[in-house]
Amino acid sequence: MTDTPISIGVTPPEAILTRLIERHGAWPTLRALWAVLIRRGRRRAQADSLPDHLRRDIGLPERGEPPPLRHPWP
């Protein structure tokens with residue numbers, strides 16, 4: 001038995017982009033990539049504004065802010 005490398009199917013990003021552009025065109029591909037980058041940035045900004053108890057639940061460090069004020073009524 002010989003040790004031969006097994007191809008897992010990792011495709012370089014250039015090849016993926018080339019296929020997407022060939023299939024859908026340059027502008028739709030660029031618009032989709034732009035939308036993903038914008039959404040990714042928004043998600044990061046939202047994670048920064050989470051309260052400490054939610055940050056702790058998802059494994060982010062707490063910021064140490066005081067807890068929000070609670071109303072005396074339910």
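Since this is a predicted model, take the numbers as computed values, not measurements. Each residue takes its place number in the sequence, starting with 1.
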If you measure from CG on Asp52 to CG on Asp57, what distance do you get to the nearest 0.5 Å?
10.5 Å
Where do Leu30 and Ile21 land on the side chain to side chain contact (heavy atoms under 4.5 Å, CB included) test, with the steps shown first?
CA-CA 9 Å; Leu30 288 174; Ile21 291 171; over 6 Å; no
Should the pair Glu62-Arg55 be classified as a salt bridge under the 4.0 Å nitrogen-to-oxygen rule?
no
Would you say Leu20 and Leu33 make side-chain contact, with heavy atoms under 4.5 Å?
no
Would you check if Arg19 and Thr11 make a side-chain contact, meaning some heavy-atom pair closer than 4.5 Å?
yes
